[in-house]
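Every heavy atom of this structure was used, including side-chain atoms; hydrogens, water molecules and symmetry mates were not. These numbers were taken from a predicted model, which means no experiment stands behind them.
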Amino acid sequence: MEMALSLANEAARHGDVPVGCVLVRNDEVIGSGENRRELSKDPTAHAEIVALRDASSRQDTWRMDDVTAYATLEPCVMCAGALLNARIARIVIGAMDEKAGAVGSRYNVLSDPRLLHEVAATYDVLAPRSQELLRRFFEVRRI
């Protein structure tokens with residue numbers, strides 16, 4: 001989760017909402033990303049999507065059956081869907097997102113038994129640090 005927090009800080013430095021995501025297989029980082037929507041002018045450039053693209057290009061596969069995702073903020077519907085379709089095994093989440101979260105707050109995409117795959121989730125890992133990054137980012141923009 002420390003690396004995801006570092007990526008979140010990087011996102012904030014280039015004007016994006018501070019969210020980071022790291023994908024790990026067998027204790028090895030196989031993909032990482034930070035929010036890049038503002039930087040790349042791409043509405044799909046959320047941290048999780050960037051990390052999945054990074055991992056799939058490095059691993060030469062889209063299948064992430066044995067991968068754990070570490071995300072500083074609860075994924076949105078788009079990102080939860082992408083993680084689900086990548087068949088990740090587990091997600092570890094920092095801060096929950098009561099407004100747009102899709103892994104337990106607003107929706108629960110990753111554990112819906114009607115879908116093809118379910119993902120184990122661990123919540124509130126280093127949540128205060130993730131929340132503080134977000135609070136500081138938005139505080140500056142509201143002035």
Side-chain angles (χ1 to χ4, degrees), residues 1-59 62-115 117-143:
M1 188 60 91
E2 289 293 335
M3 184 176 174
L5 285 164
S6 177
L7 290 164
N9 275 314
E10 182 61 30
R13 278 192 280 284
H14 55 68
D16 277 283
V17 175
V19 178
C21 181
V22 177
L23 303 177
V24 176
R25 175 185 283 138
N26 299 326
D27 296 323
E28 178 188 344
V29 173
I30 63 163
S32 63
E34 78 275 359
N35 271 358
R36 301 178 69 79
R37 287 189 323 168
E38 298 299 329
L39 187 65
S40 65
K41 309 298 185 246
D42 176 357
T44 68
H46 289 204
E48 298 87 347
I49 303 295
V50 173
L52 285 168
R53 288 175 180 158
D54 183 39
S56 63
S57 69
R58 285 196 214 186
Q59 302 293 296
W62 60 268
R63 295 181 185 276
M64 307 284 162
D65 314 86
D66 52 353
V67 170
T68 298
Y70 294 86
T72 60
L73 182 65
E74 178 185 6
C76 68
V77 173
M78 175 182 69
C79 293
L83 293 166
L84 186 73
N85 281 300
R87 309 283 199 282
I88 68 156
R90 179 172 172 245
I91 185 164
V92 177
I93 299 169
M96 298 302 283
D97 184 352
E98 299 298 325
K99 292 181 180 178
V103 188
S105 291
R106 278 267 189 231
Y107 309 98
N108 210 339
V109 173
L110 298 184
S111 64
D112 188 328
R114 298 169 296 177
L115 299 173
H117 178 70
E118 291 186 46
V119 178
T122 303
Y123 303 95
D124 298 323
V125 175
L126 299 179
R129 289 180 56 197
S130 295
Q131 291 163 336
E132 179 61 16
L133 277 172
L134 291 160
R135 186 194 63 72
R136 280 185 300 169
F137 179 83
F138 286 112
E139 185 177 82
V140 169
R141 273 138 187 85
R142 289 186 187 118
I143 295 176

Would the number of heavy atoms belonging to other residues, nucleotides or ligands and lying under 6.0 Å from OH of Y107 be above 12? no
Atom pair CZ/NZ of R106 and K99 - distance to nearest 0.5 Å: 9.5 Å
Using a strict 4.0 Å threshold on nitrogen-to-oxygen distance, state whether R135 and E132 make a salt bridge. yes
How close do V109 and G81 get, heavy atom to heavy atom, and via which atoms? CG1-N, 4.3 Å
Test item: W62 and L52 side chains (from C-beta on) under 4.5 Å apart, heavy atoms: no
Hey, are R13 and E10 close enough for a salt bridge, meaning a charged N less than 4.0 Å from a carboxylate O? yes
Closest approach of A102 to E74 (non-hydrogen atoms, all atoms of both residues): N-OE2, 3.4 Å
Where the side chain of E48 meets the backbone of C21, is there a donor-acceptor pair that is under 3.5 Å apart? no
Distance col, row R25:CZ vs R58:CZ, nearest 0.5 angstrom, shows 11.5 Å
Any Lys/Arg nitrogen of R53 or D42 sitting under 4.0 Å from an Asp/Glu carboxylate oxygen of the other? yes
Least distance between heavy atoms, A45 atom then S40 atom: CB-OG, 3.5 Å
Between H14 and E38, is there a donor-acceptor pair closer than 3.5 Å when you use the side chain of the first and the backbone of the second? no
Are the side chain of N35 and the backbone N or O of A47 linked by a donor-acceptor pair below 3.5 Å? yes
Member of L110, V67, L23, T68 meeting the side chain to side chain contact (heavy atoms under 4.5 Å, CB included) criterion with I91: L110
Are the side chain of D112 and the backbone N or O of R114 linked by a donor-acceptor pair below 3.5 Å? yes
Output yes when a side-chain donor or acceptor of D16 lies under 3.5 Å from a complementary backbone atom of E34, and no otherwise. no
Of the non-hydrogen atoms in L5 and S130, which two are nearest, and what is the gap between them? CD2-OG, 3.5 Å
Looking only at heavy atoms, which two atoms of S111 and E118 are closest? And how far apart? O-OE1, 3.7 Å
I93 side chain near P75 side chain, heavy-atom distance below 4.5 Å: yes
Is the shortest heavy-atom distance from the side chain of T122 to the side chain of R90 under 4.5 Å? yes
Between NE2 on residue H46 and SG on residue C79, distance to nearest 0.5 Å: 5.5 Å
Roughly how far apart are Y70 OH and E2 CD, rounded to 0.5 Å? 12.0 Å
Tell me if a side-chain donor or acceptor on D97 pairs with a main-chain N or O of A100 at a distance below 3.5 Å. yes
Let me confirm one number: the CE-CG distance from M64 to N85, rounded to the nearest 0.5 Å. 12.0 Å
Could you state the interatomic distance from OG1 (T72) to CG (N9), rounded to the nearest 0.5 Å? 9.5 Å
Looking at L83 and A69, what are the two nearest heavy atoms and their distance? CD2-CB, 4.3 Å
Is R87 salt-bridged to D65, going by a charged N under 4.0 Å from an acidic O? no
